[in-house]
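A short write-up of the structure that comes next.
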Amino acid sequence: MRYGLIVLSIGAMLFSLSSCEEPAKITILGNGFFSPVYEGPPVKVAKPLTRFRGKSRMILFAEQDAKVTLHLTNSQVSSRYKDDLRFDVKSPDGKSVAKGKLPVKKSKDVTFTAPKAGLYEIRIDARGNATQLTADGARLCIPATDDEPCAVIQGSQPLYFYVPAGSRRFRALFRGAGTGETAEGVVFNPDGREVKRGSTVGSNKVLLDVPVGWGQAGRVWSLQIQRAKEGVFEDASVSLLGNVGPNVAQRPDAVVVPLMRVAMPGMRRTFEKAKLEIRGAVLAPVQGIAKPSLSVTAASGGKEIFAKTITNLRSGAFCVNLPRNKFPKGSYTLRVAAKDGEKVLSSREQEMFVVDRPTGLRPDKVTLHNGKPFFARGLYHVKPEDYDLVKKQGFNIVQATPDSVPKCEKAGISAAVALYAGMRLNPDYYREKIAAYRTSPAVVCWMIMDEPSGNKVPLSDIQRHYGIIRDMDPARPAYMCICRPDAYTTYGMATDIIAIDVYPVREKNQDLAHIARTLDLARRDVPGQTVWFIGQVWSWPGRENPKQRRLVTAAEHRCMTYLSLTHDDVRGLMWYSFRDPDWYLPKSNPEVWAACKTVNNELIALEPVLLQPNRYEKVLRGSGDAEVHLAMKEHDGHQTLIAVNPNNKATDVTIPVSGSGEAEVMFEKRKVKIEGGAIRDKFGALAVHIYRMKK
């Protein structure tokens, strides 16, 4: 969630306002923000300091001429991560007042004098490491919204936030970053009593509906992220939703709150029936405002097409429904403003894109390429000089830069075109490259961004660039890799194809069933979305010795391929990667390079079947508690059953099927009997069997 910086002319003053129930004391800070008055004992930031993972955006409210000191540490997460931490502090007018980098395991104080009063933004990139940060002379807060969660590693010390006067309940969403990464969230009221607790075990996230007791609103609450009883305790995050302040702080007297928070739709699909609405909450008490009101407008091409005013505005939640018939395909500017008479106290503005389904993506999730059904067998990080080589190995698509598209045409290989040059989003670059290559017969899809959650790209930026694709090329779908399950709900609908990467083979161990669990989470969080799977042929560098790698085996490659096809109706496959620093697949792992040819030949033979939806997906328990994953497809009067054992031990399994007679076991030159409505077969470790039988 983003909020505008609208300067209040009333300056800084103390209000003591009350509803009929709870008193609420706030300090108006200006710039559309206020601070709750904390009346408890002084609180120091608890140690060890909370570690904020990767890229972070923090906000700092400083008075003019205040001397501000940031105490900054680059906290190493793993011996593999040795990157410098980079930081940039920008004033309310967008100018840098402090900027630099910090080596790993080092700390430093960064001091500056605030040139003006207002909200300062701190952008931090710790790469794979984490940031520890406190501030003197200013209020330091961290956003904790649905599209900008507060991300930590291995838990947090108390984080403080504001529950507005009149609030009866709010929600706290705790998430583990990856499948198997778990955490427990605990919410405490202003008196320090536990109100709600929940664990992400088994679901990757937990949404706590938190009741607000009598006398507890209009005050500062706290929360903590702790270790769960099961799972790996690493990356976790929290988002505060509903009628509650959207920021957390490490001290209760540092909490900064916008006068209102607003959630506006950044995009809508014309073929979906979801409501089109603007939701939000007025977080500040309005008793001190003479003529409070809320104005909601929508414009297209500079012309206003919708307007609504809520008079006699009260604190608390609001919802405005937008009439769908007024918003055909196109781009719009939505604006919400809280006013005192004609004076604007706080405002928020956002673009909204209304888009059609791309003609190159059928309602049954099948991609069309040059008018024909297309099932991707692709590779990341392929240079043009290698196009002929990977094509001979059975791959039909590569990740390509825009200017490599003509070389793809010449080689006769298709392209997934990456528009994020230098891992940055640039609307002019998007428009230029789409205009140049949208008629190319090589282009299958446009890649919006790679792993936006890990790169902390605002959802509004993703939606804007997705809108550009849909506006300029009505045919080809947009594609986006989302690496973390905790981001599926945030980014998953801002694309046409969601690509999910899972790399389960690491150093001394592997858990291939991790693929199945992750795809199941995607089905839950973005139901109905077209899914491609990005699998692992690349190997993680060893932690002790980066040059020592645990190589993926041929059996693991085949198992991962077919396991992905038994979950979430996957409609395309990409593999990471062909090239990387100190990595060239044909030489670095010749066993898997050869296996790619074998597996691709199988996929080519199965392609008419793979283009069909999964009639059902099941997981059966075999002997020895091993699991066998199944997906059934139908085509041309036959049923094709994909069965995969992702375990490192053999198992026997009985698979219920319809019909009688025999089933051909494809690619194995054998048949099995169908007896008593079932197939009974043996599965070696990581074995895949594909059965073909008449309907």
Side-chain angles (χ1 to χ4, degrees), residues 3 8 10-19 21-47 49-50 58-63 66-71 114 117-120 133-144 150 156-167 170 172 186-195 210 212-225 238 240 243-261 281-288 315:
Y3 19 76
L8 293 175
I10 55 179
M13 60 186 71
L14 182 68
F15 279 104
S16 179
L17 305 172
S18 65
S19 66
E21 296 180 2
E22 307 101 344
K25 296 180 180 179
I26 66 170
T27 302
I28 298 294
L29 298 173
N31 299 90
F33 287 80
F34 69 93
S35 176
V37 175
Y38 174 69
E39 297 179 317
V43 176
K44 292 185 178 180
V45 179
K47 293 184 178 180
L49 299 178
T50 299
M58 302 186 184
I59 56 177
L60 195 76
F61 201 97
E63 301 293 344
K67 183 179 179 180
V68 180
T69 300
L70 305 179
H71 308 284
L119 200 71
Y120 290 71
L133 179 64
T134 60
D136 294 332
R139 294 178 172 90
L140 175 67
C141 283
I142 304 95
C150 173
S156 73
Q157 295 290 3
L159 297 173
Y160 299 90
F161 61 96
Y162 178 68
V163 176
S167 180
F170 63 90
V186 191
V187 178
F188 302 91
N189 70 17
D191 300 322
R193 294 189 178 91
E194 180 182 316
V195 178
V210 184
V212 180
W214 182 272
Q216 305 299 314
R219 298 173 65 186
V220 173
W221 291 47
S222 64
L223 61 87
Q224 276 192 270
I225 301 173
V238 61
L240 295 170
N243 191 16
V244 62
N247 303 320
V248 296
Q250 297 175 93
R251 296 198 329 255
D253 58 344
V255 176
V256 173
V257 188
L259 297 179
M260 67 172 180
R261 64 182 299 181
V282 177
L283 303 179
V286 299
Q287 290 90 334
S315 301

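Between Phe33 and Phe61, the two ring planes are tilted [angle within 30° to 60°].
Atom-to-atom distance recorded for Arg139:CZ and Ile59:CD1 is 11.5 Å, nearest 0.5 angstrom. One distance of note links CE of Met260 with OG of Ser315; it measures 13.0 Å at 0.5 Å rounding. Rounded to the nearest 0.5 angstrom, Leu259 CG and Ile28 CD1 are separated by 5.5 Å.
In this structure, Pro258 and Asn247 have side chains that are in contact, with non-hydrogen atoms separated by less than 4.5 Å. Residues Ile142 and Thr50 are not in side-chain contact: their nearest non-hydrogen atoms beyond the backbone lie 4.5 Å or more apart. Between Val238 and Phe161 the shortest side-chain heavy-atom distance does not fall below 4.5 Å. Side-chain contact check for His71 versus Asp136: some heavy-atom pair is nearer than 4.5 Å. Looking at heavy atoms from C-beta onward, Leu159 lies out of side-chain contact with Gln224 at the 4.5 angstrom threshold. Residues Gln157 and Val45 have side chains not in contact (no heavy-atom distance under 4.5 Å, counting atoms from C-beta outward). Looking at Leu283 and Pro246, their side chains come closer than 4.5 Å, going by heavy atoms from C-beta outward. Counting heavy atoms from C-beta on, the side chains of Val244 and Ser167 never come closer than 4.5 Å.
For Gly137 against Val68, the heavy-atom pair with the smallest separation is O-CG2, 3.9 Å. When all heavy atoms of Val210 and Val195 are compared, the pair lying nearest together is CG1-CG1, 3.8 Å. The shortest heavy-atom contact between Val37 and Thr27 is CG2-OG1, 3.6 Å. The two atoms that bring Leu140 and Ala135 nearest to each other are CB-CB, 4.0 Å, heavy atoms only. For the residue pair Ala249 and Cys141, the shortest heavy atom distance occurs at CB-SG, 3.9 Å. Ala62 approaches Ala114 most closely through the heavy-atom pair CB-CB, 3.9 Å.
Of the possible donor and acceptor atoms, none in the side chain of Ser35 sits under 3.5 Å from a partner among the backbone N and O of Val256. Ser156 places a side-chain N or O within donor-acceptor distance of the main-chain N or O of Ile225, the cut-off being under 3.5 Å.
Of the residues Tyr160, Phe170, Tyr38, the one that meets the ring-ring contact (aromatic ring centres under 6.0 Å, His included) test with Trp221 is Phe170.
Checked against side chain to side chain contact (heavy atoms under 4.5 Å, CB included), Asp191 has the following partners two or more places apart in sequence or in another chain: Asn189, Arg193, Gln216, Arg219. Arg251 is linked by a salt bridge (Lys or Arg N to Asp or Glu O under 4.0 Å) to Asp253, counting only residues two or more places apart in sequence or in another chain. Shown here are the side chain to side chain donor-acceptor pair (under 3.5 Å) partners of Ser222, two or more places apart in sequence or in another chain: there are none. Phe34 meets the ring-ring contact (aromatic ring centres under 6.0 Å, His included) test with Tyr162; sequence neighbours excluded.
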Exercise for the section: Might you work through the side chain to side chain contact (heavy atoms under 4.5 Å, CB included) test for Leu60 and Leu70, ending with a clear yes or no? Expected result: CA-CA 10 Å; Leu60 195 76; Leu70 305 179; 4.1 Å; yes
Practice task
I would like to know whether Leu240 and Leu223 meet side chain to side chain contact (heavy atoms under 4.5 Å, CB included); could you show each step before the answer?
Solution key: CA-CA 10 Å; Leu240 295 170; Leu223 61 87; 4.0 Å; yes
